[in-house]
Number of protein chains: 2
Amino acid sequence: MPAPLTEEQNRRAREDLLDAAERLFYERGIQAVGMDQVRAASDLPLKRIYRLFPTKEDLVVAMLRRRDRRWRESLTVSVEQVADPRARVLAVFDWLAGWFAEPGFRGCAWINAHGELGSSSPAVLAEVRSHKRAFRAQLAEWALAAGVPAAADAVFLLAEGAVVTAGIAGDPAPARQARSAAAALLAQQGGVQQCGVQQGGETTDPSGSAPASIS
Amino acid sequence: MPAPLTEEQNRRAREDLLDAAERLFYERGIQAVGMDQVRAASDLPLKRIYRLFPTKEDLVVAMLRRRDRRWRESLTVSVEQVADPRARVLAVFDWLAGWFAEPGFRGCAWINAHGELGSSSPAVLAEVRSHKRAFRAQLAEWALAAGVPAAADAVFLLAEGAVVTAGIAGDPAPARQARSAAAALLAQQGGVQQCGVQQGGETTDPSGSAPASIS
DNA sequence: TAAGGTAGAGAACGCCCGTTCTCGACGCAA
DNA sequence: TTGCGTCGAGAACGGGCGTTCTCTACCTTA
């Protein structure tokens, strides 16, 4: 191998490295994982790691950025399979329920990173804020399309509260609770045909975390 | 001073120590603050610190526990000055708004601690869960008294989302947004006289932070 | 085949961590 | 006054951190 590395080799190494870093940092926390553990998990020489990312902070930021891209893409793909604009907003919570139920779920990687490094690393703080802004903007777009632009803030706060609570309690139930609250708000804010009666879909909320009716 | 320390001296030292630890840990993060910095800030010999709390983890747990007691007491005192049970639930968000606007506000100490140590320290995790359970239970009690027990989950999730969001964005606005959403849910869930019109109490909002409309 | 240069393995560096230990200073009972 | 025992100050300890450096092995080019 001594002979310059190909672009492709570097690209692959970068992905492997980010894979290992993302898994370890999310599982155990960023400060709790040393660069040597990242090296062992990625099976890459330390020298190459530092050529790809000059500091640990750079690695953390790159990891958060890639995760943000994938996270929002997964959400969007899932939610936009739902045709009805109103149901789309609620589908966000079904997607959250699926996420919460994943084996290694440990809350929001960005909120966790903020708790660890928000006060000491401006770069990480900026990345966290950027992610939250993007998520909120996406929700606002869907709320607008559903004719309930004023509900965007509440939907965002309910989603954030659900993620935090599910992460701490280790229980996916908050997704359902947040969904119910969002459904009630949507029924109220959008034009409702009959007083005090919700449109169909919200009250039929089957057991498991992802109801059949909407998603 | 060589001659056993008074009970009173130990009590005072313990409080001073917890004061210093709470301030430093909240400002900069727990892992980012070394015991030597705690020693310097508390102006106590390291030996005495370790006699009061055998490990850093013990100090962290004690700090979180004392903060929990004070935090919930402050909330309760503030909220229970409001007479109307329905308005009480909304007063939670007014109290949050005041908290968010405090100079050093940096989000929820328990959520931050969870992000840092939740996966490595069972004692800290238990303390965080205990705090969240207690907060939720208090909200459920107020929701029940207001005749809207079903709103407890939503109020809790809105509050959690507001705390996290305000902490990350460094902006107290989420308190207002969460309050509005809660007001809408309360108006809907409790018996409402006229369709789409809220009962009195939610819209008349003392002090600063809560607008009249839903937005 | 010889020279040059980059790769990898991992030791080394300086620093800081949580925790313990040493040691001189001092208050109190006899 | 003489010990005894606890105190405070801070050095010491073992280990882990992020990062850099050394050194050998090998491929590539001439």
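Each chain gets a letter, A, B and so on, in the order its sequence line appears, and its residues count up from 1. Excluded from the calculations below are hydrogen atoms, water molecules and symmetry mates; all remaining heavy atoms, backbone and side chain alike, are included.
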Item to check | Which residues share a side-chain contact (heavy atoms from CB on, under 4.5 Å) with A/D16, sequence neighbours left out | outcome: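 Per chain and number, A/D16 pairs via side-chain contact (heavy atoms from CB on, under 4.5 Å) with A/R12, A/D19.
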Item to check | B/S130 side chain to B/A126 backbone, donor-acceptor under 3.5 Å | outcome: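 A pair under 3.5 Å: no.
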Item to check | Backbone N/O of B/V33 and side chain of B/R28: donor-acceptor pair under 3.5 Å | outcome: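 Not a single qualifying donor-acceptor pair exists.
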Checklist entry - CG of B/L44 versus C1' of D/dG10: gap in Å, rounded? => result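 For the pair B/L44 CG and D/dG10 C1', the rounded distance is 15 Å.
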Among residues at least two apart in sequence or on other chains, which ones pass side chain to side chain donor-acceptor pair (under 3.5 Å) with [X]?
X     : value
B/S74 : B/W95
B/E22 : B/R66, B/R67
A/E27 : none
A/R72 : A/D68

Checklist entry - With sequence neighbours left out, which residue pairs that include part of residues 156-165 of chain A fulfil the side chain to side chain donor-acceptor pair (under 3.5 Å) condition? => result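 Listed by first then second residue: A/K132-A/E160.
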Next on the checklist: Going by side chain to side chain donor-acceptor pair (under 3.5 Å), name the pairs with one or both residues in residues 103-122 of chain B, residues two or more places apart or in two chains.
Outcome noted: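 Residue pairs passing side chain to side chain donor-acceptor pair (under 3.5 Å), neighbours aside: B/E57-B/S121.
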Item to check | the helix from C/dT1-D/dA30 to C/dA30-D/dT1: angle between end helix axes, five pairs per end, rounded to 10 degrees | outcome: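 Inter-axis angle at the termini of the helix from C/dT1-D/dA30 to C/dA30-D/dT1: 20°.
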Checklist entry - For DNA chain C, which residues in residues 113-124 of chain A have a heavy atom at a distance below 4.0 Å? => result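 DNA chain C contact set from residues 113-124 of chain A: none.
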Next on the checklist: Taking any heavy-atom pair under 4.0 Å as a contact, classify A/R39: base, sugar-phosphate, or nothing.
Outcome noted: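 Since no nucleic acid heavy atom lies under 4.0 Å of A/R39, the category is nothing.
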Checklist entry - How would you list, by chain and number, every residue that makes a ring-ring contact (aromatic ring centres under 6.0 Å, His included) with A/F135, sequence neighbours excluded? => result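 By the ring-ring contact (aromatic ring centres under 6.0 Å, His included) rule, A/F135 matches A/W71, A/F156.
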Next on the checklist: Heavy atoms within less than 4.0 Å of DNA chain D: which residues of residues 13-25 of chain A have one? Give them sorted by number.
Outcome noted: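 DNA chain D contact set from residues 13-25 of chain A: none.
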Atom pairs under 3.5 Å: protein N/O with N/O of nucleotides 18-21 of chain C:
unit_1	atom_1	unit_2	atom_2	d
C/dG18	OP1	B/K56	NZ	2.4
C/dG18	OP2	B/M35	N	2.6
C/dT19	OP2	B/Y50	OH	3.0
C/dT19	OP2	B/K56	N	2.8

